[in-house]
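Just below is one structure, and these are the notes that go with it.
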Amino acid sequence: MSRFFRKYSVVFLFVSLFSVEGNGQVLDNAIINLNPGGVIYDVVADPYHDCYIIVGNFTSVNGYAVSNIAFLNRSDLSVNTNDTLNSINFINGEIRTVELYMSETFGFYYYRLYLGGNFTTVQTNGDLTIARSGFVELLSQKSKLLPLTETAFSVTSWNLQMDDIGFTRGVNDIYRSNDTLIIVGEFYFTSGPAHASVTNVISFKITSHEWLEYFFGLYSGAINYIDHEASVLSIEKFGNYYYLAGTSHADFTGGIGYLKRCDLSGNVDLTFGPNYCASIGEVWRATPIMSGSDSIIVSVAQYSALTGTYVHSTSGSILDSPVLDCTTSDVFANFEVLAKYKETIILRSISNFSFYKMTGNYPATSYMTVTTNTPAYNTTSGGLASGNPDGGLGYRRMHVVDNYLFVTGNALTSVGGSSRTGLAAYCLEPLDAKQFTLADSSICQLDLQTYTVPTVPYADGYRWEYTGSGADFGNNGSADIGPVDYDLLAANSVSIKFLSNATSGQLKVTPYSYCNGTTKLFSNTITTNITVSSAPNSIAGNDTSITCYNSAIQLYGYSDSTNIDTFLWDYPGSLFDTLGQFETVTSAGNYIFKVTNTNGCSNYDTVQVTLNKIQPTATPPPPPYELSCLNPVEDFLGTTTTPNTIAEWYQDSTTFFPNPISVNTIGTYYFRVTDTLNGCFKDTGIVVSNNITPPDIAIVGYPSIGLTLETLTCNLDTLNLTCYSALQTQPQVGSIQTLQYFMVI
C-alpha cells in the first residue's frame with residue numbers, strides 16, 4: 001500500500017536514491033521520539049493492520065506509554081492507539097526480534113505475533129502476569145464475516161520457556177520460513193524434547209505446534225553447540241542456504257566472531273565459515289548482508305577500537321577485490337554493516353551513516369550525520385538491559401523495512417540536523433522497475449501503443465519520458481514527449497500515440513515515491529528502445545455525393561510516397577475489402593483508403609460520400625390562366641427558391657421554352673425547374689383557356705320598326721346611329737364618317 005495513498009499533488013523535485021547528489025534519502029517529517037535512553041531492536045511490517053511493529057527497550061513513543069513494543073501507522077508513522085493492538089501492558093525486559101504470521105481457518109483470520117529477547121514476564125489485557133522468559137507467542141483473531149470482530153493479542157497456551165540462568169542471554173533473532181520458526185540466540189529451555197540442553201538454534205512448526213527435532217538439531221546439529229557460551233546473533237536466508245552469524249563467547253572475553261552456513265534442511269556446511277580477526281581482539285558482532293548473487297558482506301565490530309569489515313563470496317572465501325579486512329581499520333574503524341536496501345549497503349561510524357554501492361570498489365555515495373550524547377562504545381552508560389546482544393555497549397543501528405530506513409540509538413539526539421530522541425525514519429526510493437512487458441519494439445508513425453512495467457513495490461507514481469520526437473502521451477494530438485508524471489493507480493502503464501513526425505528513441509520510466517507528501521524519491525530508470533518507421537501518405541480524394549444524375553461513383557485513391565506495397569479500400573469489420581486504388585460505390589458513407597509500404601507501415605485517409613437527391617422547388621405563376629379578346633397573348637412566369645437551377649416550360653417534353661413563356665393558344669403547359677448541381681428536377685403544370693365571346697348588336701328601329709337605313713349622301717355626310725347590345729343596356733351614340741359602320745362592343 002502506498003505510504004501516502006497517492007493523495008498529494010505532483011511536485012517536480014528530482015531526487016535519486018543514494019545518488020552522487022546526496023539526495024538518496026529524505027528525513028521523514030513525522031516526529032518519532034522515544035523516551036530518553038530508549039532504543040529499538042527490530043521492525044516488521046504488519047500488512048494486516050497497515051502498520052509497523054517496533055520492538056526494543058523503551059517505555060514511550062511520542063509520549064504514548066508502551067512497554068517495549070509499539071504499532072506505528074504506515075500512513076504517517078503516528079502511534080496506533082487501538083487497544084486491540086496495544087494489548088501488552090508490561091514486559092520486564094528488552095524485545096530483540098519480532099515476527100508475524102497470519103493464517104485463515106473456519107471463517108477467521110488468526111494473527112500470531114512472536115516476540116523474542118531477554119525478558120521473564122509478559123502481561124497483556126485480561127491476562128495475569130505470566131512467566132515467559134525470552135520468548136512469547138501472542139494470538140489475535142478476526143472474523144471474516146460481518147460484523148468484523150477482532151480480539152486483542154493475548155498469550156497462547158504454548159510458549160517456548162527460556163531459563164534465565166548462567167550466561168543465558170535469550171533470543172537474539174527469529175527467522176520465519178513459511179510456517180516454520182527458526183529461533184537463534186543463547187539460551188537454556190525447559191519446554192520441548194527431552195534432549196534439552198544449552199542451545200543456539202531451535203525450530204518450531206507453527207501450524208502443528210511441534211518441535212522440529214532434526215531441523216537445526218537440538219543437541220547434535222549444525223550450530224547448536226559451538227561452546228558453552230556461544231551465541232548466535234542473527235540468521236538470514238540467501239539462496240539455498242541459511243547464514244548464521246555470532247560470537248563464540250557471549251561474555252566478550254576472548255570471543256571470536258564466526259559465520260556459519262547450513263542447507264535448507266539445517267545441515268551445517270563444514271567447508272564454509274572461517275573465524276574473523278581472531279588474533280586482534282574480542283569480537284562482539286558479525287552480521288551477514290547479502291549482495292547480488294555471489295557475495296556476502298560481513299561486518300565484525302570489535303571490543304577494542306579496531307573493526308574489520310569483510311566481503312565474502314558464497315563459497316566462504318574473502319573476495320580479493322575489494323578486501324575490506326582488519327587491516328583497513330584506518331578507513332573502516334568503528335564501522336558496522338547495519339542494513340541493505342536494494343544494491344546499497346549501509347555502514348555506520350562514530351558520527352555518520354555511510355551508503356555504499358555494491359560495485360567493484362564500494363564507493364561511498366552519501367552520508368547522514370548522526371549525533372549522540374555518548375561515544376560509540378560507552379561501556380558505562382549503554383542504557384540497555386544486561387545481556388543484550390551488544391554487551392551493554394553504546395547502541396546504534398539501522399533497520400530497513402519496506403522503503404523506510406529507521407535509525408535508532410540509545411543516546412541518539414539528532415539526525416540530519418533534525419532533533420530526535422532515540423529514533424528517526426528516512427524515506428527511501430521505491431524498488432526498481434524490472435523490465436518492460438513489451439521489450440524493444442518496432443512501430444510505425446501513427447501507431448497507438450501501450451507500454452507497461454510490472455507494478456513496483458512502494459511506488460506512488462511513475463515518470464515517463466521519450467527521447468525521440470512526436471510521442472503523444474495524452475493521445476490528444478500534442479507532442480508531449482515528457483517527462484510526464486502519473487500518480488494514478490495504473491501509472492505503471494502508458495499509451496502513446498506516435499504522431500506523423502515521430503522519430504526513433506528510448507522510452508524511459510522511473511518509479512518514484514513521496515516523502516512528507518511532496519518530495520519525490522526516484523528509483524533507477526529503465527529503458528526500452530523504440531524504432532519508428534515512417535508511414536506513407538494516403539490520399540482518398542475529395543468528398544463527393546451520389547446525385548440524381550450520378551447514382552454510382554467511382555472512387556480513386558493514391559499516394560505520393562515511395563515504396564508502396566498495397567492499396568486497399570478498407571471496411572473495418574467487413575469481409576468485403578477491395579484491393580486496389582479504384583472502388584465503385586452506390587450508397588452514402590465514409591470510405592477508408594489504406595496505403596501500406598514495404599516497411600509494413602500503413603496510413604489511412606477517408607473520403608465521405610453523401611446522398612444528394614433533393615428536388616428543387618417549382619412554383620407556377622398565379623391564375624388566371626386564360627386568353628381574351630383584350631389579351632389574346634399572355635406571358636406566364638414560374639419561380640423557384642433553389643439556387644443553381646434552370647427554369648423552363650414545355651408541352652410535349654421535347655421542346656422547351658424559356659421562363660417566362662408567351663402563350664397565344666389554349667392548352668396544358670408544364671413548368672420545370674432543374675438543379676444544375678445534382679440533376680434533380682421538379683414539374684408543375686397550368687391549363688390555359690380561351691375567354692373570347694362576340695356581343696349581340698341591335699340598331700334601334702331596324703328592322704322591327706320598318707324603317708330603311710339611313711344612307712349618306714353628298715348632302716348628308718354625317719349619320720347618327722343609335723345601337724345597343726344585349727350585353728350593354730345603355731345606348732351608344734357615335735358619329736360615323738365612313739361608308740360602312742360596325743359597332744364593336
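- When atom types are taken as modelled, the side chain of Y625 and the backbone of I666 share no donor-acceptor pair closer than 3.5 angstrom.
- In this structure, D46 and Y111 have side chains that are not in contact, with every pair of non-hydrogen atoms separated by 4.5 Å or more.
- Counting only heavy atoms from C-beta outward, the side chains of Y462 and V494 never approach each other to under 4.5 Å.
- Distance alone, capped at 3.5 Å, is enough to place a donor-acceptor pair between the N516 side chain and the N29 backbone.
- Looking at Y549 and D675, their side chains never bring a donor and an acceptor atom within 3.5 Å of each other.
- Counting non-hydrogen atoms of neighbouring residues, nucleotides and ligands closer than 6.0 angstrom, the CG atom of N542 reaches no more than 12 such neighbours.
- Other residues, nucleotides and ligands contribute over 12 non-hydrogen atoms within 6.0 Å of the CG atom of D560.
- One finds no salt bridge joining K594 and D577 here, because no Lys/Arg side-chain nitrogen approaches an Asp/Glu carboxylate oxygen to under 4.0 Å.
- Checked by atom type and distance alone, the side chain of T503 never pairs as donor or acceptor with a backbone atom of G468 at under 3.5 Å.
- Note: Y52 and Y404 meet the aromatic proximity criterion, with ring centroids under 6.0 Å apart.
- If you take CD1 on I614 and SG on C680, they are separated by 8.5 Å, rounding to the nearest 0.5 Å.
- Formation of a donor-acceptor pair under 3.5 Å by the Q506 side chain with backbone atoms of T528 is not found in this model.
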Could you tabulate the donor-acceptor pairs under 3.5 Å formed by side-chain atoms of residues 441-452, not counting sequence neighbours?
from	atom 1	to	atom 2	distance (Å)
S441	OG	Y451	OH	3.4
Q445	OE1	A535	N	3.0
Q445	NE2	S500	O	3.1
Q445	NE2	A502	O	3.0
D447	OD2	C444	N	2.9
T450	OG1	S495	OG	2.9
T452	OG1	S493	OG	2.9

| Are Y670 and D683 close enough, and set up right, to give a side chain to side chain donor-acceptor pair (under 3.5 Å), and what steps lead you there? | CA-CA 6 Å; Y670 298 95; D683 289 342; over 6 Å; no
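- Under 3.5 Å, the side chains of T610 and S545 contain a donor-acceptor pair of N or O atoms.
- Within the 4.5 Å cutoff, the side chain of I553 has heavy atoms near those of the I546 side chain.
- Using bins of under 30°, 30° to 60° and over 60° for the plane-to-plane angle, the ring pair F567/F593 lands in the parallel bin.
- The structure places CH2 of W464 at 7.0 Å from CG of N492, a figure rounded to the nearest 0.5 Å.
- The side-chain heavy atoms of K142 and Y48, taken from C-beta on, include no pair separated by under 4.5 Å.
- Counting heavy atoms from C-beta outward, V673 and T617 have side chains that stay 4.5 Å or more apart.
- Atom OH of Y650 has more than 12 neighbouring heavy atoms from other residues, nucleotides or ligands inside a 6.0 Å radius.
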